[in-house]
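Have a look at the structure below before the remarks.
Here is how names work: the chains are called A, B, and so on, in the same order as the sequence lines, proteins then strands, and each is numbered from 1.
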There are 2 protein chains.
Amino acid sequence: MSRSAMTKIKNSMKRRTDALSRDQIVEEAIDLLDQSGEAGLTFQALSKRLATGPGAIYWHIADKNDLLTAACDAIVARTMNETLAGGTPKENVRQLALGIFDAIDAHPWVGSALASIPGELPVVRILERIGQQMRALRVRDDALWPVTSAFLSYILGVGRQNGANAQLAREKGLDRSTVLSEVSTGWYQLDADEYPFARSIGAQFRAHDDRIDFLTGIDLILGGIDTM
Amino acid sequence: MSRSAMTKIKNSMKRRTDALSRDQIVEEAIDLLDQSGEAGLTFQALSKRLATGPGAIYWHIADKNDLLTAACDAIVARTMNETLAGGTPKENVRQLALGIFDAIDAHPWVGSALASIPGELPVVRILERIGQQMRALRVRDDALWPVTSAFLSYILGVGRQNGANAQLAREKGLDRSTVLSEVSTGWYQLDADEYPFARSIGAQFRAHDDRIDFLTGIDLILGGIDTM
DNA sequence: ACCTGAACACCGTTCAAGT
DNA sequence: ACCTGAACACCGTTCAAGT
């Protein structure tokens with residue numbers, strides 16, 4: 001925050017005087033992503049904010065993917081620090097899941113970024129936390145990977161989708177309730193014989209709360225573990 | 001298939017003689033996506049295959065997103081036709097889920113395409129099929145949406161991730177086992193105190209089967225429904 | 001060691017001109 | 001009604017030249 005304020009002061013000058021740093025670039029990228037979405041992150045716009053040329057960034061960052069991973073990791077790392085694992089294993093899983101959900105809600109671009117960097121640090125941070133709770137739940141050893149992986153897939157899957165929805169709504173300049181009613185209206189106009197469910201679920205869909213539904217899914221999987 | 005063969009004959013001629021059609025463009029786009037991945041689908045490459053100019057495509061297709069949605073829907077529609085809902089509700093859900101999984105395995109680009117078009121026809125086809133099975137399972141009325149949504153998120157989440165993995169591996173020119181061992185080696189080099197789980201799960205991760213693990217997740221959610 | 005900024009390659013989309 | 005293909009706007013990345 002204060003770093004971003006400092007940068008704005010610097011922006012009023014033609015050219016920066018101090019040296020660039022990788023962290024500085026990443027922070028400015030996060031700011032830019034939050035303000036103008038994934039499409040808004042260009043090396044041109046970023047270098048202008050940093051009061052330098054686009055080539056300068058490449059001294060500190062390998063390429064755009066590297067930049068996105070780093071930005072993503074900064075958000076995930078912060079989220080992990082904020083959601084400590086101090087409760088029962090199930091409570092910890094819920095807390096972690098909600099933490100990721102809220103982080104993607106606040107930074108929609110994180111959703112899609114996480115999906116394009118499997119196995120890299122940000123994802124491993126989440127995987128680690130889930131896996132530790134599964135151990136604590138005494139999940140059978142040979143089921144540890146599939147169970148942990150199911151949670152990870154679900155959490156990232158929902159996150160990705162919500163992020164995409166939010167970015168889509170922003171691009172079109174629509175708010176959430178407008179999008180919901182547009183979609184459900186579309187469903188209602190589908191063929192009655194082929195799409196009875198989609199037509200009938202419209203009202204529930206229009207009124208649904210993403211965060212609560214997300215938690216329902218987490219609890220379904222947690223419930224499934226008990227019946228294994 | 002035979003349509004694609006026909007097109008190849010036409011490609012050897014300088015300029016096409018018959019009229020273009022939306023279906024033709026979509027089929028050729030699928031072919032191109034399968035052969036060269038998401039990055040390979042450009043209007044330049046596509047119009048060359050169709051023996052026409054890039055502008056011609058815009059008479060039949062609104063923009064690239066429209067094209068991707070249409071290609072995606074063609075694959076999903078075929079998949080739905082192939083996996084009929086003739087068993088018990090739980091069997092039907094498993095069958096549908098595996099059908100989508102296999103379709104994305106065969107066409108990795110479908111994974112990411114599905115995520116960027118929420119609420120549109122291809123996704124609704126899947127939603128409808130799941131919802132009908134949830135009805136048959138006698139899921140409480142007010143839980144229909146969250147439960148159906150949880151399945152959808154999980155199925156699309158895993159699909160998206162597998163698609164991304166496959167495309168990533170192809171870009172780097174690596175096969176699956178190489179990627180798996182590279183990732184698990186990376187995990188093993190993490191800090192022992194901070195990442196005990198990631199370090200210990202490497203062997204299981206290297207030997208895991210995505211399709212089986214995916215089904216485990218489906219069964220976890222199905223199991224959770226019984227405990228609701 | 002680090003930065004500059006013009007230049008390159010590429011891509012989605014448009015549009016005046018054709019048939 | 002449908003197609004042509006040059007042109008435009010934009011973007012990631014490179015690199016010779018600077019300090």
Separation of [X] atom [atom1] from [N] atom [atom2], in whole Å?
{"X": "B:I57", "N": "D:dA6", "atom1": "CD1", "atom2": "C1'", "result": "16 Å"}
{"X": "B:L32", "N": "C:dG12", "atom1": "CG", "atom2": "C1'", "result": "15 Å"}
{"X": "A:L46", "N": "C:dG5", "atom1": "CG", "atom2": "P", "result": "16 Å"}
{"X": "A:K64", "N": "D:dC10", "atom1": "NZ", "atom2": "P", "result": "15 Å"}
{"X": "B:Q24", "N": "D:dC2", "atom1": "CD", "atom2": "P", "result": "13 Å"}
{"X": "A:Q44", "N": "D:dA9", "atom1": "CD", "atom2": "C1'", "result": "13 Å"}
{"X": "A:K48", "N": "C:dA6", "atom1": "NZ", "atom2": "C1'", "result": "15 Å"}
{"X": "A:D63", "N": "D:dG12", "atom1": "CG", "atom2": "C1'", "result": "9 Å"}

**Message:** Categorize A:I61 for me: base, sugar-phosphate, or nothing, with a 4.0 angstrom heavy-atom threshold over every strand shown.
**Reply:**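 It contacts nothing in the nucleic acid.
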**Prompt:** Contact class for A:L67 vs. all strands (heavy atom < 4.0 Å): base, sugar-phosphate, or nothing?
**Reply:**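 Counting heavy atoms under 4.0 Å across all strands, no contact is made by A:L67.
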**Asked** Applying salt bridge (Lys or Arg N to Asp or Glu O under 4.0 Å), which residue pairs with at least one partner in residues 179-192 of chain B are found, sequence neighbours left out?
**Response**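 Found none.
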Going by side chain to side chain donor-acceptor pair (under 3.5 Å), name the residues that satisfy it together with [X], two or more places apart in sequence or in a different chain.
{"X": "A:R199", "value": "none"}
{"X": "A:N65", "value": "none"}
{"X": "A:R176", "value": "A:D210"}

**Asked** Where are the stems of DNA chain D, defined as at least 3 consecutive Watson-Crick or wobble G-U pairs with both distances under 3.5 Å?
**Response**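 As far as DNA chain D goes, consecutive pairing (with distances under 3.5 Å) yields the stems C:4-8 with D:12-16, C:12-16 with D:4-8.
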Nearest of [options] to any side-chain atom of [X]?
{"X": "A:P54", "options": "C:dA6, C:dT13, C:dC3", "answer": "C:dA6"}
{"X": "B:T42", "options": "D:dT13, C:dT13, C:dC11", "answer": "C:dC11"}
{"X": "A:H60", "options": "C:dC3, C:dT13, D:dT13", "answer": "C:dC3"}

**Prompt:** Hey, which of these two, B:G55 or A:A62, hits DNA chain D nearer its 5' end, going by closest nucleotide?
**Reply:**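 Going by which nucleotide is closer to the 5' end, it is B:G55.
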**Asked** Looking at residues at least two apart in the chain, or sitting in another chain, which of them share a ring-ring contact (aromatic ring centres under 6.0 Å, His included) with B:F101?
**Response**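 Residues passing ring-ring contact (aromatic ring centres under 6.0 Å, His included) with B:F101: B:F214.
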**Asked** Is a salt bridge present between A:R211 and A:D105, judged by a nitrogen-to-oxygen distance below 4.0 Å?
**Response**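 So A:R211 does not pair with A:D105 through a salt bridge.
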**Item:** Short side-chain donor-acceptor distance under 3.5 Å, B:Q132 and B:E128
**Value:**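 Indeed, the side chains of B:E128 and B:Q132 share at least one donor-acceptor pair under 3.5 Å.
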**B:W59 side chain near D:dC3 phosphate (N/O to OP1/OP2, under 4.0 Å)** =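 Checking D:dC3 against B:W59, no side-chain N or O comes under 4.0 Å of OP1 or OP2.
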